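Values below: every heavy atom of this structure, side chains too, minus hydrogens, waters and symmetry copies. Everything quoted here is computed from the prediction, not taken from an experiment. One-based numbering along the sequence shown.
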Amino acid sequence: MDYQTLAKAFPLDTQLVDQFLTYLLKVNQVMNLTSITKKDEAIEKHVYDSLLISKAYDFSHQLVLDVGSGGGFPGIPLAILYPTAHFVLLDATKKKVNYLNDVIKLLKLTNVEAKCARIEELTSREHYDVVIARALSELRIYLELATPFTKVNGHIIALKGAKANTELMASKEAIKKLDLTLEHTQNTSLVNGEERVNFIFRKLKKTNARYPRSFGEIKHHPL
């Protein structure tokens with residue numbers, strides 16, 4: 001994919017995107033941020049992919065937590081597209097957070113900050129308008145991690161691929177126990193035809209203080 005195709009789909013500053021991807025691919029030579037090494041592929045499989053959710057959800061003026069941001073997806077592309085929103089990029093690896101801070105500085109993004117922590121270690125419960133993650137973990141695990149830090153009536157967004165509906169079926173109990181409702185399912189695809197399924201959940205009431213459990217318990221005994 002080229003920038004002209006990207007710009008036809010999303011009204012964003014492609015020069016800023018190019019700065020971002022140039023730096024990503026440069027740092028990727030010494031740090032494992034992505035398996036993708038070609039810019040045209042990164043435009044489609046990282047940037048375009050990250051922005052597809054904007055066709056189903058308006059992030060304007062929202063406080064957004066991007067969990068496991070890694071190379072900066074979906075948070076950086078969404079922050080470029082939505083300058084009125086504020087994005088917190090969360091990653092547990094210090095080197096990746098240092099890289100994210102370098103990206104923020106390079107692109108002069110005033111609506112983005114990066115934090116080094118595991119989500120279950122956060123103390124800011126019921127704080128974010130939106131919590132989002134892209135291919136982070138199995139859906140029911142992600143929902144338990146994300147829900148406690150989302151405001152009541154806020155949204156938890158999961159960006160998924162071909163196995164999405166199987167994960168959704170396995171998450172019925174988690175959705176019930178965490179007082180969530182599936183508000184919208186976005187069935188879409190990349191230009192190359194790869195399937196994408198994005199879930200938007202709404203949080204109905206304050207989360208029980210027992211959640212999230214320790215990550216070991218969540219992983220070995222998911223809801």
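Checking Glu194 against Asn192 by side-chain atom types alone, a donor-acceptor pair falls below 3.5 Å. Defined by atom type and a distance below 3.5 Å, a donor-acceptor pair is present between the side-chain atoms of Thr22 and Lys39. His86 and Gln62 form no side-chain donor-acceptor contact under 3.5 Å, judged by distance and modelled atom types alone.
The ring of Phe73 has its center closer than 6.0 angstrom to the ring center of His46. Separation of the Phe87 and Tyr82 ring centroids does not fall under the 6.0 Å cut-off.
Contact check on Lys115 versus Asp91 returns no salt bridge, with no Lys/Arg side-chain nitrogen under 4.0 Å from an Asp/Glu carboxylate oxygen. Using a 4.0 Å cut-off between charged side-chain N and carboxylate O, Lys177 and Glu144 make no salt bridge. A salt bridge links Arg202 and Glu183; the closest N-O separation between the charged side-chain nitrogens and carboxylate oxygens is under 4.0 Å. Salt bridge Asp49/Arg196: present, at least one basic N to carboxylate O contact under 4.0 Å. Salt-bridge formation is not detected for the pair Lys163/Glu167: no Lys NZ or Arg NE/NH1/NH2 atom is positioned less than 4.0 Å from an Asp or Glu carboxylate oxygen.
Other residues, nucleotides and ligands contribute only 12 or fewer heavy atoms inside 6.0 Å of the NZ atom of Lys219.
For Asp66 (side chain) and Val88 (main-chain N/O), no donor-acceptor pair under 3.5 Å exists by modelled atom type.
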(request) Just do the ring-ring contact (aromatic ring centres under 6.0 Å, His included) check on Phe201 and His155 with the steps written out, would you? (result) CA-CA 5 Å; Phe201 297 90; His155 293 90; 10.0 Å; no
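Tyr99 and Val67 fall into different hydrophobic clusters, where Ile, Leu, Val, Met, Phe, Trp and Tyr residues are linked whenever their side-chain heavy atoms come under 4.5 Å apart, directly or through other members. Under the 4.5 Å side-chain heavy-atom criterion for ILVMFWY residues, a single connected hydrophobic cluster contains both Val191 and Leu6.
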